[in-house]
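Note that the numbering runs from 1 along the sequence shown for the chain. What you see is a predicted model; the values in this text were computed from it and never measured. Whatever order the structure lists ligands and atoms in, that order sets their numbers, starting from 1.
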Amino acid sequence: MGKRILVTGGAGFIGSHLCKKLLEQNNEVICADNLFTGRKENVAGLLWHPGFKLVQHDVTKPFYLEVDQIYNLACPASPVHYQYDPIKTTKTSVLGALHLLGLAKKNKARILQASTSEVYGDPKVHPQPEGYYGNVNPIGPRACYDEGKRAAEALFFSYYQQHQVEIRILRIFNTYGPNMRMDDGRVVSNFIVQALQDKDITIYGDGMQTRSFCYVSDLVEGMVSLMEQGGLGLAGPFNIGNPSEITMAGLAERILGLTGSSSKVVHQKLPADDPIKRKPDISRIKEAIGWEPKVSLEQGLGETIAYFKKELKL
Ligand code: NAD
Ligand code: UDP
């Protein structure tokens with residue numbers, strides 16, 4: 001018999017893959033999403049499933065239902081989208097965490113928080129281990145997201161310590177794959193869509209800043225595996241991501257090669273507070289549950305390019 005699982009933000013990029021995987025494992029899935037950045041199309045292939053329910057709901061409002069597990073993914077993740085309404089972004093993280101932790105406590109349900117590498121800000125320690133407290137500008141353009149996620153982590157830990165709620169905190173590093181929006185604004189979707197349309201590839205700054213990209217199937221496997229194991233002992237926080245690091249100029253070159261595009265590279269202004277380096281230290285999650293990524297950047301980009309080609313009808 002499967003579990004009854006609530007996935008907030010389930011119609012988004014990562015959430016849609018997670019809902020699919022949980023259904024494949026015979027669980028009942030309630031996907032709650034306000035469809036701000038998520039899309040019905042992402043879960044269109046699941047709507048027929050008797051175990052799947054899409055509910056239009058905003059996590060800044062309370063939610064009551066009976067569940068065994070909760071995955072809290074509700075929050076815009078692209079800088080373009082989370083900076084569109086910064087107050088709403090912080091409310092989503094903070095009020096969302098409060099409402100869902102209350103629900104978890106009432107149901108004695110295990111709850112996972114989709115936290116982020118952004119809790120490290122523009123890191124002064126490289127690669128980033130979980131013990132690093134970070135370097136976040138509390139009043140910069142990314143603060144609504146970074147501080148919202150940091151406050152959510154604090155709330156998760158308080159519910160764990162005060163009420164013994166079984167929490168899981170995952171600090172997700174840059175993840176990519178099919179079901180990202182074409183207008184998402186994040187680097188992988190931007191570069192691929194630009195390359196496929198022979199438009200200019202927009203590198204912000206000199207392109208020497210780094211990120212480490214994880215393919216979505218690896219991430220989802222780690223999320224589910226962490227929720228399936230242990231009891232109170234796996235609260236985390238755990239970094240999750242692919243430690244193979246690349247510069248944005250290197251990524252542009254890779255995508256140009258894989259698409260065979262004739263786009264040219266142009267440089268645009270680097271956004272304020274853009275982290276210079278980012279790479280996860282994943283030893284903690286590896287030791288705790290044996291998770292490590294399997295999909296190479298080449299393979300993952302190949303799948304993602306194929307997805308966008310279909311979206312663009314090429
Ligand atoms: P996404 O924007 O595709 O998905 C977010 C989903 O949350 C969308 O479906 C959106 O409609 C929904 N949402 C936003 N505000 C909401 C609200 N108030 N109430 C209900 N639903 C709301 O982004 P994603 O990449 O799929 O990210 C999913 C989660 O993972 C986010 O919490 C994000 O912070 C976290 N994360 C993602 C990455 C990444 O690289 N993709 C990295 C770190 C953390
Ligand atoms: N970036 C870029 N061109 C784009 C979009 C993003 O050079 O068209 C850069 C951005 O400045 C950052 C990196 O790519 O250094 C990753 O950006 P993204 O928005 O994907 O994620 P985040 O900054 O949150 O890691």
Side-chain angles (χ1 to χ4, degrees), residues 7-19 31-40 42-43 54-61 63 71-83 85 88-97 99-100 112-119 122 142 145-146 148-149 152 170-177 179-181 184-194 200-214 216 219-220 223 239-241 246-249 251-252 265-278 280:
V7 179
T8 73
F13 155 52
I14 297 172
S16 57
H17 290 272
L18 176 63
C19 289
C31 163
D33 201 299
N34 71 349
L35 302 179
F36 173 49
T37 51
R39 297 173 302 170
K40 238 182 168 171
N42 284 345
V43 290
L54 173 63
V55 183
Q56 195 157 345
H57 174 77
D58 195 305
V59 296
T60 58
K61 309 220 163 57
F63 199 44
Y71 289 80
N72 183 30
L73 274 67
C75 187
S78 157
V80 178
H81 292 130
Y82 70 64
Q83 288 171 25
D85 183 347
K88 174 74 191 219
T89 298
T90 306
K91 274 188 177 172
T92 293
S93 278
V94 177
L95 296 179
H99 292 145
L100 294 158
L112 179 142
Q113 166 68 356
S115 191
T116 169
S117 52
E118 288 284 330
V119 300
D122 187 5
R142 297 173 89 102
Y145 183 74
D146 301 8
K149 291 282 189 180
L170 264 187
R171 292 180 178 162
I172 302 170
F173 283 64
N174 297 64
T175 300
Y176 69 101
N179 291 2
M180 292 183 94
R181 292 167 63 117
D184 183 80
R186 282 179 277 188
V187 69
V188 173
S189 42
N190 270 11
F191 284 4
I192 292 178
V193 171
Q194 289 162 346
D200 290 349
I201 304 276
T202 54
I203 292 185
Y204 302 159
D206 63 5
M208 288 301 110
Q209 71 271 38
T210 70
R211 294 293 186 272
S212 307
F213 295 101
C214 183
V216 67
L219 171 74
V220 166
M223 288 177 121
N239 286 339
I240 187 161
I246 186 168
T247 63
M248 294 311 100
L251 179 70
V265 165
V266 297
H267 290 266
Q268 294 183 354
K269 197 171 168 286
L270 187 70
D273 292 342
D274 198 282
I276 293 165
K277 288 199 266 190
R278 184 182 291 153

Asker: Return the minimal non-hydrogen interatomic distance between Val216 and Thr175, and the atom names on each side.
Answerer: CA-CG2, 3.8 Å
Asker: Any donor and acceptor pair, going by atom type alone, linking the side chain of Arg181 with main-chain N or O of Thr37 inside 3.5 Å?
Answerer: yes
Asker: Show the nearest heavy-atom pair for residues Leu54 and Val43, with the distance to one decimal.
Answerer: CD2-CG2, 4.2 Å
Asker: Whether Arg142 and Glu118 form a salt bridge (side-chain N of Lys/Arg under 4.0 Å from carboxylate O of Asp/Glu) is what I want to check.
Answerer: yes
Asker: Would you call Lys40-Asp33 a salt bridge at under 4.0 Å N-O?
Answerer: no
Asker: Please indicate whether any nitrogen or oxygen in Gln209 is less than 3.5 Å from any nitrogen or oxygen in ligand 2.
Answerer: yes
Asker: Under 30°, 30 to 60°, or over 60°: which ring-plane class applies to Phe63 and His57, parallel, tilted or perpendicular?
Answerer: parallel
Asker: Could you report the tightest heavy-atom contact between Ile203 and Ala252, atom names first, then the distance?
Answerer: CD1-CB, 4.0 Å
Asker: Could you tell me how the ring of Tyr176 sits relative to the ring of Phe213: parallel (under 30°), tilted (30 to 60°) or perpendicular (over 60°)?
Answerer: perpendicular
Asker: What protein heavy atom sits nearest atom 8 (O) of ligand 2, and how far off is it?
Answerer: Asn190 ND2, 2.8 Å
Asker: What residue and heavy atom of the protein are closest to atom 16 (C) of ligand 2, and at what distance?
Answerer: Arg211 NE, 3.6 Å
Asker: Does Ala11 offer a backbone N or O that forms a donor-acceptor pair with the side chain of Asn42 under 3.5 Å?
Answerer: yes
Asker: Indicate yes or no: does an N/O atom of Pro275 lie under 3.5 Å from an N/O atom of ligand 2?
Answerer: no
Asker: Report yes or no: does Ser93 contribute a side-chain atom to a donor-acceptor pair with the main-chain N or O of Ala152 at less than 3.5 Å?
Answerer: no
Asker: Show me which atoms of ligand 2 lie under 4.0 Å from any heavy atom of Ile203.
Answerer: 7 (O)
Asker: Take atom CD1 in Ile276; do more than 12 heavy atoms of anything else shown fall under 6.0 Å from it?
Answerer: no
Asker: With atoms numbered from 1 as shown, which atoms in ligand 2 lie under 4.0 angstrom from a non-hydrogen atom of Arg278?
Answerer: 22 (P), 25 (O)
Asker: Please name all residues satisfying salt bridge (charged side-chain N to carboxylate O under 4.0 Å, His left out) with Lys88, sequence neighbours left out, ordered by chain then number.
Answerer: Asp58
Asker: Considering non-hydrogen atoms of the protein only, which is the closest contact for atom 13 (C) of ligand 2, and what is the distance?
Answerer: Met248 SD, 3.8 Å
Asker: Quick check on contacts: which atoms of ligand 2 are under 4.0 angstrom from a heavy atom of Asn174?
Answerer: 21 (O), 22 (P), 25 (O)
Asker: Run the numbers for me: atoms of ligand 2, each under 4.0 Å from some heavy atom of Arg142, listed by number.
Answerer: 22 (P), 23 (O), 24 (O)
Asker: Give me the nearest non-hydrogen protein atom to atom 3 (N) of ligand 2 as residue plus atom name, then the distance to 0.1 Å.
Answerer: Thr202 O, 2.6 Å
Asker: Of the listed options (Tyr145, Tyr204, Tyr82, Phe173), which comes nearest to atom 5 (C) of ligand 2 when hydrogens are ignored and any heavy atom counts?
Answerer: Tyr204
Asker: Pull out every atom of ligand 2 sitting under 4.0 Å from any heavy atom of Arg186, numbered as shown with elements.
Answerer: 19 (O), 20 (O)
Asker: Looking at atom 18 (P) of ligand 2, what's its closest protein heavy atom, distance included?
Answerer: Val187 N, 3.9 Å
Asker: For Asp274, is at least one N or O under 3.5 Å away from an N or O on ligand 2?
Answerer: yes
Asker: Within the protein, flag every N or O under 3.5 Å from an N or O of ligand 1, and note the pair and distance.
Answerer:
from     : atom 1 : to     : atom 2 : distance (Å)
ligand 1 : 2 (O)  : Thr37  : OG1    : 2.6
ligand 1 : 3 (O)  : Phe13  : N      : 2.9
ligand 1 : 7 (O)  : Cys75  : N      : 3.3
ligand 1 : 9 (O)  : Gly12  : N      : 3.0
ligand 1 : 9 (O)  : Asp33  : OD1    : 3.2
ligand 1 : 9 (O)  : Asp33  : OD2    : 2.5
ligand 1 : 9 (O)  : Gly38  : N      : 3.2
ligand 1 : 11 (O) : Asp33  : OD1    : 2.6
ligand 1 : 11 (O) : Asn34  : OD1    : 3.4
ligand 1 : 11 (O) : Phe36  : N      : 3.0
ligand 1 : 11 (O) : Thr37  : N      : 3.1
ligand 1 : 11 (O) : Gly38  : N      : 2.9
ligand 1 : 13 (N) : Asn34  : OD1    : 3.3
ligand 1 : 18 (N) : Asp58  : OD1    : 3.0
ligand 1 : 18 (N) : Thr92  : OG1    : 3.1
ligand 1 : 19 (N) : Val59  : N      : 3.0
ligand 1 : 21 (N) : Asn34  : N      : 3.2
ligand 1 : 21 (N) : Asn34  : OD1    : 3.3
ligand 1 : 25 (O) : Arg186 : NH1    : 3.0
ligand 1 : 25 (O) : Arg186 : NH2    : 3.1
ligand 1 : 26 (O) : Phe13  : N      : 3.4
ligand 1 : 26 (O) : Ile14  : N      : 2.8
ligand 1 : 32 (O) : Leu73  : O      : 2.9
ligand 1 : 32 (O) : Lys149 : NZ     : 2.8
ligand 1 : 34 (O) : Tyr145 : OH     : 2.5
ligand 1 : 34 (O) : Lys149 : NZ     : 2.9
ligand 1 : 40 (O) : Thr175 : N      : 2.8
ligand 1 : 41 (N) : Arg186 : NH1    : 2.8

Asker: Which of the numbered atoms in ligand 2 are under 4.0 angstrom from any heavy atom belonging to Pro79?
Answerer: 19 (O), 24 (O)
Asker: Do any N or O atoms from the side chain of Lys149 and from the backbone of Ala114 form a donor-acceptor pair under 3.5 angstrom?
Answerer: yes
Asker: Within ligand 2, which atoms have a heavy atom of Glu118 less than 4.0 Å away?
Answerer: 24 (O)
Asker: Taking the side chain from Thr247 and the backbone from Gln209, do they hold a donor-acceptor pair closer than 3.5 Å?
Answerer: no
